[in-house]
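A short worksheet on the structure shown next.
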Amino acid sequence: MTGTYDVAIAGAGPAGAQCARDLATRGYDVVVLETESEDEFPRTSNKSTAGTFPSTLSAFGIPDEVVQHPTDSVVLESPSSYFVREQAGAVLEFGEFKNWLVDEGREQGAEYRFDARVTKPELEGDQLVGVRYNGSETVYADIVIDATGPSAPLAKKLGVVDLKRENQAIGIEYEYEGIEIDHPEYADLSDAMMLRLDHDVAPGGYAWIFHTGEDTAKVGLCYIQSERYQQYGRDGFTIDDYLERWLESDPRFENAERIEGKQGHRGSAHIQLPTKMTTDSFIAIGDTVPSIDPVWGEGIGKCMRSGRIAAATADSALSPDEPDTSAQKLSVYERLWHRQVAPNAKARLLMAKLLYLAPDERYDDFMRDLRGLDDGALSRANSGDPLAIASLLHLEDVPTLAELAKEELHLDGHLGRLEKLLRSLR
Ligand SMILES: Cc1cc2nc3c(=O)[nH]c(=O)nc-3n(C[C@H](O)[C@H](O)[C@H](O)COP(=O)(O)OP(=O)(O)OC[C@H]3O[C@@H](n4cnc5c(N)ncnc54)[C@H](O)[C@@H]3O)c2cc1C
């Protein structure tokens, strides 16, 4: 089957489906090619715990029908301490949310083709003219967008992204009932999203319990797979083994059972800085780039935002009487990405690396330091302000900073500044 469109999008995740929705709303002919079949959608790609915040819910008009449980706090846990912050949020039913986005796009006129596995860019000479899918089928489009998440078949073949295996974080999650949500030895997790820093549970990453009502919660963990981050890991342990071990050792799960009929969620994302995101007639969005926040893995809002700015970029390229889809014209997407999707991306990446490499004892001190910070300083640290980050660091972190500086040349300037700040503050 062939066809000619203004824009062809590979992948109906939060990024691709939001981009299609925005483009269709602006009147463009847009087609989304999704590898999964429609009757089971989403199955393999039903991968997310789907904790979100009001900024995302309101920016994209996400309705209550796809909210599984509203939350009112975020809890951070270390091996023997915790920190609670009042903050509204919502745990979405990810499958229903994805289907809602597809329906919204269709209502605006976007076309969806399921069972359509995108394999490579369609080129005429050097020029990108469309997308090849299911081996021999093609759609032609003025602009092609890769929104397939980490598989990135188009972005990789066009040399736009270089997703490195050592930066890949993997995650799994299941929903359980019978959990003691308010256990006397831990923070009360009623209506909370809890993230746990503890190398015994999730070496080189973090674990979580997101309350979904009564005695039920989504429970999962993720970590960066490389040896560097697995220095705290156990030989031969898989991610499933770690989850099983946590469930067996944490008293909150003593009577917990996996909820029957609920699909587990599993997936990956790369924790690295994007370099390039566009080329002639092509834009890479969402976790193809990758756009996920490196510190806490908030990906849904970030990826939808990247879909939205890609739609605006395509609009400005296609709307003039003489459309211009050159790499130079589309590169505005990269500037917008750094401004609107991931401001301070370098500082956030640095925070993530420091956090996941720190020893367990530092996590307990970190909880105490967080309790001492006012909301303003906390927000500034969270948004990557070096001075605010430095106020959370200790002199004992200098060797970790120096070690990171050696490995992460692209973070070198940031690390050097932080190290100086740290020394001047103490
Ligand atoms: C275990 C886990 C828990 C998470 N929890 C949260 C959370 O609580 N909150 C949060 O905000 N984020 C969370 N995330 C991250 C978030 O889910 C992702 O960042 C987000 O889904 C990425 O969106 P995307 O559209 O870029 O890609 P994806 O969601 O990966 O969507 C890509 C789509 O492309 C399709 N596709 C793939 N290959 C092809 C192909 N070759 N041809 C056609 N279609 C293709 C897939 O089937 C899929 O539908 C979590 C992730 C994981 C793995």
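Since this is a predicted model, take the numbers as computed values, not measurements. Counting starts at 1 for both ligands and their atoms, following the listed order.
- Protein heavy atom at the shortest distance from atom 42 (N) of ligand 1 is Val118 N, 2.9 Å.
- Not a single heavy atom of Gly220 lies less than 4.0 angstrom from ligand 1.
- Nearest-residue assignment for atom 1 (C) of ligand 1 (options Lys47, Met304, Lys98; heavy-atom criterion): Lys47.
- The closest protein non-hydrogen atom to atom 12 (N) of ligand 1 is Gly299 N, 3.0 Å.
- Protein heavy atom at the shortest distance from atom 13 (C) of ligand 1 is Ser48 OG, 3.1 Å.
- Atoms of ligand 1 lying under 4.0 Å from any heavy atom of Ala116, numbered from 1 in the order shown and given with element: 42 (N), 43 (C).
- Ligand 1 lies nowhere less than 4.0 angstrom from a heavy atom belonging to Pro42.
- Closest heavy-atom approach to atom 7 (C) of ligand 1 among the candidates Gly89, Gly307, Gly51: Gly51.
- The heavy atom nearest to atom 39 (C) of ligand 1, out of those in Leu101, Val91, Thr49, Thr148, is found in Thr148.
- For atom 26 (O) of ligand 1, the candidate residues are Asn46, Asn134, Thr119, Asp287; the nearest heavy-atom contact is made by Asp287.
- Contact atoms of ligand 1 toward Gly13: 25 (O), 31 (O), 33 (C), 49 (O) (distance under 4.0 Å to a heavy atom of the residue).
- Of the protein's heavy atoms, Pro14 CD, 3.9 Å lies nearest to atom 24 (P) of ligand 1.
- Ligand 1 does not have Ala269 within reach: every non-hydrogen atom of the residue lies 4.0 Å or more from it.
- Residue contacts with ligand 1: Glu298 is included, with a non-hydrogen atom under 4.0 Å away.
- Counting protein heavy atoms only, atom 47 (O) of ligand 1 is closest to Glu34 OE2, 2.7 Å.
- With respect to atom 44 (N) of ligand 1, the closest heavy atom belonging to the protein is Thr35 N, 3.1 Å.
- Heavy-atom proximity to Glu36, at under 4.0 Å, picks out these atoms of ligand 1: 47 (O).
- In this structure, Phe210 is part of the shell of residues with a heavy atom less than 4.0 angstrom from ligand 1.
- Geometrically, Arg113 does not engage Tyr133 in a cation-pi contact defined by less than 6.0 Å to the ring centre and at most 45° from the axis.
- Distances shorter than 4.0 angstrom do not occur between any heavy atom of Ser306 and any atom of ligand 1.
- Within the structure, the closest approach of Thr52 to ligand 1 does not fall below 4.0 Å when heavy atoms are considered.
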